[in-house]
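One structure is given here, and the rest of the page talks about it.
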Amino acid sequence: MLHRYLPHTSEDISEMLAACGMESLDGLYSDVPDGLLLKRDYDLPEQMSEKEVRDFFKSLSDNNRRLTCFAGAGYYDHYTPAVVKSILSRSEFLTAYTPYQPEISQGTLQYIFEYQSMIASLTGLDVSNASMYDGATATAEAMLMTVAASRKRNRVLISDTVLPQVKAVAATYARYHGVRLDLIEECDGATSREHLESMLAEGDVAGVIVASPNRFGILEDYSGLADTVHAAKALLVINSHASALGAIKSPGEWDADIAAGDAQSLGMPLDFGGPYLGYLCCTKALMRKMPGRIVGTTVDDKGQRVFVLTLQAREQHIRREKATSNICSNQGLMSLFVSVYLSLLGAMGLEEVNRIGYAGAHYLADALSATGRMSLTYPDSPYLNEFVMTTVDKVDDIMAASISEGILPGVKLGEHEIMIAVTEMQSRKEIDRYVEIVSSMGEKSTD
């Protein structure tokens with residue numbers, strides 16, 4: 001054996017070289033220019049024991065500053081119950097990657113079925129897939145579904161109150177799929193109905209995409225919106241972060257045709273930017289336009305309940321030009337994560353999470369306003385747990401002062417605008433400390 005981690009013997013290598021018509025490894029790589037060949041030993045540190053490796057990476061981890069997070073903008077700091085990771089590690093859930101063989105993939109098929117069932121219940125729609133990369137790509141796929149369903153229309157309208165990253169990804173998808181994506185104007189933090197109706201009147205619209213909560217945390221009133229969109233023979237898509245659906249009116253209740261968004265808020269740690277989980281749901285009529293697979297339940301020849309792959313469009317295999325995006329089981333672990341989280345919390349638990357976030361957000365907004373250094377940007381608009389404040393001080397100064405005290409105060413929207421989110425993770429003491437920091441900004445400015 002030439003290398004302790006490569007099992008090939010000298011005889012193995014000679015046999016493979018002979019099959020390639022080569023006499024040596026140097027001959028095998030003779031096409032590589034000499035200037036690209038490494039002619040020295042690898043610049044690697046000395047080997048470490050397992051404990052030394054653990055200590056080394058712990059020392060790197062200790063350099064990270066752990067801040068109390070009041071940032072949101074589509075990604076939220078929620079608590080992960082300890083039991084979630086334990087259940088995720090069970091072998092029946094991890095043994096099968098793609099569940100083509102149901103007889104050996106029952107664990108995987110079951111959690112996909114349960115995930116679909118719970119997400120469909122949250123959104124109030126008939127069908128859920130499992131699943132998409134993140135909320136932005138899920139919304140972009142929803143956009144493509146509206147075009148595919150309309151056949152002859154390729155124009156989609158998206159509200160300016162949708163998250164910027166979602167709009168950007170949708171624009172990229174649109175560019176390379178021949179979709180015309182037009183922006184609906186925002187008015188006082190909400191979608192302009194007047195502008196939307198004028199755009200619909202122009203015709204050729206396949207779909208309309210709006211958000212709830214929107215990019216400013218506002219809960220827009222979509223009464224009558226579905227009727228307006230459907231009258232123009234278009235489809236309505238509503239983007240939401242999944243946790244909020246445990247407390248607010250669901251896309252199904254707004255008569256939306258498609259719901260899409262990110263499920264990261266269902267207990268998934270932020271983890272320096274991922275992984276995330278995009279959900280995508282629709283009415284039964286649109287089921288065959290949806291990418292991914294659908295798992296169902298039936299009984300076997302013994303009458304026992306079993307899970308099977310129920311639907312996957314045949315175009316995935318024989319007509320690639322008409323196929324939907326082949327997302328499949330890439331996010332299997334994340335959909336399992338969300339399934340366990342929702343199973344543990346249930347409807348009442350998820351509602352409680354939102355109640356705590358709502359109470360904390362409104363308490364903080366009132367307290368910050370009382371300092372005289374901030375005021376609500378949209379004071380007449382309802383919000384759940386996220387809101388925008390207009391600041392007297394520069395947001396960069398607020399950021400610097402807060403971070404030095406161990407608090408990430410929010411997401412900068414402008415020189416004097418900051419978006420703040422509160423979940424169950426921030427204690428009253430931490431919220432009060434945030435207020436003290438902002439209040440002290442005024443004291444510094446008078447010194």
Side-chain angles (χ1 to χ4, degrees), residues 72 74 76 78 116-128 135 138-139 142 146 157-163 166 184 186-193 196-197 207-231 234-266 278-284 286 338 342 345-362 378 380-388 421-423:
Y76 302 92
H78 284 285
Q116 292 173 170
S117 300
M118 288 185 279
I119 295 296
S121 178
L122 267 182
T123 61
L125 290 171
D126 302 324
V127 185
S128 167
T139 306
T146 66
L157 312 179
I158 187 168
S159 174
D160 200 22
T161 65
V162 172
L163 287 164
V166 175
I184 309 166
E186 166 259 319
C187 181
D188 294 327
T191 306
S192 170
R193 286 291 187 96
L196 169 60
E197 290 172 6
V208 174
I209 305 172
V210 295
S212 181
N214 70 19
R215 63 176 293 189
F216 305 115
I218 294 171
L219 299 172
E220 296 192 40
D221 182 2
Y222 292 131
S223 299
L225 178 62
D227 292 336
T228 301
V229 172
H230 294 154
L235 298 175
L236 177 61
V237 179
I238 296 183
N239 171 285
S240 305
H241 70 84
S243 179
L245 297 177
I248 66 174
K249 202 169 183 177
S250 71
E253 291 174 305
W254 289 120
D255 292 325
D257 303 284
I258 305 173
D262 212 299
Q264 177 276 328
S265 56
L266 297 177
Y279 70 85
L280 183 61
C281 300
C282 65
T283 59
K284 188 176 181 180
L286 295 170
V338 165
L342 287 175
L345 266 69
M348 292 180 62
L350 193 57
E351 183 178 344
E352 177 69 4
V353 165
N354 281 280
R355 187 197 66 76
I356 295 171
Y358 175 91
H362 285 73
Y378 305 104
D380 299 324
S381 299
Y383 60 94
L384 182 61
N385 71 313
E386 192 168 23
F387 53 94
V388 180
V422 182
T423 68

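Just the heavy atoms: all of them, side chains too, but no hydrogens, waters or symmetry mates, feed the values below.
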Practice problem: Rounded to the nearest 0.5 Å, what's the gap from OH on Y279 to CD on Q116? Could you check? | Solution: 15.5 Å
Practice problem: Please confirm whether the backbone N or O of T283 pairs with a side-chain atom of D126, one donor and one acceptor, at under 3.5 Å? | Solution: no
Quiz item: Taking the side chain as C-beta and beyond, is there a heavy-atom pair between I258 and T146 under 4.5 Å?
Solution: yes
Practice problem: Please round to the nearest 0.5 Å and tell me the distance separating atom CG of D160 and atom OG of S192. | Solution: 10.5 Å
Quiz item: Quick check: are there more than 12 heavy atoms from other residues, nucleotides or ligands sitting under 6.0 Å from CD of E253?
Solution: yes
Quiz item: Should V210 and L225 count as side-chain neighbours, where that means a heavy-atom distance under 4.5 Å?
Solution: yes
Quiz item: Is a side-chain donor or acceptor of D262 paired with a backbone partner of G135 at a separation under 3.5 angstrom?
Solution: yes
Quiz item: Just wondering, are more than 12 heavy atoms of other shown residues or ligands nearer than 6.0 Å to OH in Y378?
Solution: yes
Quiz item: Do you know which of S121, S117, C281 makes side chain to side chain contact (heavy atoms under 4.5 Å, CB included) with S128?
Solution: C281
Exercise. Quick one: closest heavy-atom pair of L280 and A138, and the distance?
Key: CD1-O, 3.8 Å
What donor-acceptor contacts under 3.5 angstrom involve side-chain atoms of residues 234-246, with partners at least two apart or in another chain?
{"unit_1": "N239", "atom_1": "ND2", "unit_2": "T139", "atom_2": "OG1", "d": "2.8"}
{"unit_1": "S240", "atom_1": "OG", "unit_2": "S212", "atom_2": "O", "d": "2.5"}
{"unit_1": "H241", "atom_1": "ND1", "unit_2": "S265", "atom_2": "OG", "d": "3.4"}

Exercise. Answer yes if the side chains of E220 and T191 hold a donor-acceptor pair under 3.5 Å, and no otherwise.
Key: yes
Practice problem: Report the residue from L342, L266, L350, T123 that forms a side chain to side chain contact (heavy atoms under 4.5 Å, CB included) with M118. | Solution: L342
Quiz item: Mind checking what makes side-chain hydrogen bond (donor to acceptor under 3.5 Å, both in side chains) contact with E386, not counting sequence neighbours?
Solution: Y76
Practice problem: Say whether H230 and D257, considering side chains only, have a donor N or O and an acceptor N or O under 3.5 Å apart. | Solution: yes
Quiz item: Can any side-chain N or O of N214 pair as donor or acceptor with the backbone N or O of G189 at less than 3.5 Å?
Solution: yes
Exercise. Using side chain to side chain contact (heavy atoms under 4.5 Å, CB included) as the criterion, point out the one residue from I218, D221, V388 that pairs with S381.
Key: I218
Quiz item: Do L384 and Y358 touch side chain to side chain, with heavy atoms closer than 4.5 Å?
Solution: yes
Quiz item: Between H362 and Y383, is the gap from one ring center to the other below 6.0 Å?
Solution: yes
Practice problem: Please check if the side chain of E352 supplies one atom and the backbone of N354 the other of a donor-acceptor pair under 3.5 Å. | Solution: no
